[in-house]
Amino acid sequence: MSLTLFQFKPMFGLPNASPFCMKLETYLRLAGLDYNVVHLRNRPRSSTGKAPYVEIDGELMADSGLIIAHLERSHGHPVDGKLTLAQRAEALAFQRLMEEHLYWVAVYMRWADPDTRPQWRPYMQELLGVPVFLAPFVARVAQRQVIKTLRAHGIGRHAPEVIWQMGIADVQALAHWLGGRAWAFDDQPTSLDACIAAFIGNIVRTPWNNPLTAATLKHTSLVAHFERVMARCFPELAA
Ligand SMILES: N[C@@H](CCC(=O)N[C@@H](CS)C(=O)NCC(=O)O)C(=O)O
């Protein structure tokens, strides 16, 4: 099988500043699948217009969750195969908590928080690959678009302190559920561990202060879990 992963370039000492890209790449490493990486310079050319996406034997496929499900099916369930139906249900519920709710608080943290917006600008410029003289203009347009999306989602209609509390509650639920366990289930990491590490890593490795990062750093078991996944899957980047 030939597999090419199209994703953003690494940032913040993380494999990826997109939790979805980091989740998928972590899964590929847990599964021991060979892949090439192409770093995106323009908007993703996937059917959804989002990253990550992959080309598998000439076929394009988008969405980290659908890609993982496809790879699990076609390779004999190398990562999640031992999970019971009840564990799969728990994994799906937490995946949705992170991807459909916590994600939007993280988007707010990175793109829209009026207190720290200027600090994100140089990273955004690097990520979007725009020339310096265009950066302020592109930053304004991109931020306006993100703020519109957050309002359309609904979360962006709340006051900042409410948005932070919503994200902090998600992280707290994850921390309480994981407790002191090394992995989400049993004695081996699964795709849920990839997802947790991708979201927690993207929150704790944010290089500026904000209430979500500060609260997450207090959950030392979650931070240790992220570092465990990094040491196992990305030793070249692990602290
Ligand atoms: N459900 C998708 C979500 C992917 C996603 O939202 N990717 C973001 C980066 S974190 C993206 O490509 N955004 C570009 C855009 O919305 O234009 C997945 O699991 O892959």
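What you see is a predicted model, and the numbers here were worked out from it, not measured in a lab. Only heavy atoms go into these numbers, but all of them, side chains included; no hydrogens, no water, no symmetry mates. All ligand and atom numbering here is 1-based and tracks the order in the structure.
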> Would you check whether A51 has a nitrogen or oxygen atom less than 3.5 angstrom from a nitrogen or oxygen atom of ligand 1?
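Among all N and O atoms of A51, at least one is under 3.5 Å from an N or O of ligand 1.
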
> Taking only heavy atoms of P52, which atoms of ligand 1 are found under 4.0 Å from at least one of them?
20 (O)

> N/O to N/O below 3.5 Å, does that happen between R43 and ligand 1?
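So ligand 1 has an N or O lying under 3.5 Å from an N or O of R43.
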
> Find all atoms of ligand 1 within a distance of less than 4.0 Å from any non-hydrogen atom belonging to S18, and give their numbers and elements.
9 (C), 10 (S)

> Report the C-alpha separation of L212 and I168 in whole Å, then their side-chain angles, then the decisive distance to 0.1 Å, and conclude whether the side chain to side chain contact (heavy atoms under 4.5 Å, CB included) test is met.
CA-CA 6 Å; L212 181 62; I168 289 167; 4.1 Å; yes

> First locate atom CG of L28, then atom NZ of K23, and finally report the distance between them rounded to the nearest 0.5 Å.
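So the CG of L28 and the NZ of K23 are separated by 11.5 Å.
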
> Under 3.5 Å, is there a donor-acceptor pair between the W120 and Q143 side chains?
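Checked: W120/Q143 side chains show no N/O donor-acceptor pair below 3.5 Å.
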
> Looking at ligand 1, does any of its N/O atoms fall within less than 3.5 Å of an N/O of S64?
yes

> Please verify whether a non-hydrogen atom of F8 lies at under 4.0 Å from ligand 1.
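It does, in that a heavy atom of F8 comes within the 4.0 Å cut-off of ligand 1.
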
> Nearest 0.5 angstrom please: S18 OG to Y103 OH, how far?
6.5 Å

> Can T116 and N210 be counted as having a side-chain donor-acceptor contact under 3.5 angstrom?
no

> With a 6.0 Å cut-off on the ring centroids, do F12 and Y123 count as close?
yes

> At what distance is the nearest protein heavy atom to atom 6 (O) of ligand 1, and which residue and atom is it?
K50 CD, 3.5 Å

> So is there a nitrogen or oxygen of D63 less than 3.5 Å from a nitrogen or oxygen in ligand 1?
yes

> Can you confirm whether or not the ring centre of F20 sits under 6.0 Å from the ring centre of Y53?
no

> Out of C195, A198, G49, C21, indicate the one that has the non-hydrogen atom closest to atom 14 (C) of ligand 1.
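When every heavy atom of C195, A198, G49, C21 is considered, G49 comes closest to atom 14 (C) of ligand 1.
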
